[in-house]
Amino acid sequence: MAKSAPKLSPDEIKRVIATAWEDKPPYSQVLREHGIGHGELVALLKRELTPAAYKLWAAKGKTAKGPVSKSTWPHGR
């Protein structure tokens, strides 16, 4: 089950969203600055952003990790 979104003031919510949009990957900086974990951040953004904006943010987070390299068998041959 997903964590519930934290109860924050409107100003705090704006700062968290701004931090999440700027950071690459988005979770580490938000956790350091605001103490909000991955599940709580996702719940907060789903609640506060429009569905289209949330999808853009989620796609940005996936691309920030970089491409996944596929291993071949045996040992790169």
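Nothing here was measured: the structure is a model prediction, and the numbers come from that model. What you see below is based on every heavy atom in this structure, not just the backbone, and it leaves out hydrogens, waters and symmetry mates. For reference, positions follow the sequence shown, starting with 1.
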- Message: So, using side chain to side chain donor-acceptor pair (under 3.5 Å) as the criterion, who are the partners of S9 when residues are at least two apart?
- Response: E12

- Where is the tightest heavy-atom contact between A20 and L41, given as atom of each residue plus distance? CB-CD1, 4.2 Å

- State the CD1-CD1 distance between I36 and I13, to the nearest 0.5 angstrom. 8.5 Å

- Task: Check side chain to side chain contact (heavy atoms under 4.5 Å, CB included) between K14 and all other residues, then give those that pass, not counting sequence neighbours.
- Result: none

- Task: Hey, could you give me the CH2/CG distance between W57 and L49, rounded to the nearest 0.5 Å?
- Result: 8.5 Å

- In this structure, CD of E48 is separated from CD1 of I17 (nearest 0.5 Å) by 5.5 Å

- Message: Minimum heavy-atom separation for R15 and H34, please, with both atom names.
- Response: O-NE2, 3.8 Å

- Please name all residues satisfying side chain to side chain donor-acceptor pair (under 3.5 Å) with E33, sequence neighbours left out, ordered by chain then number. Q29

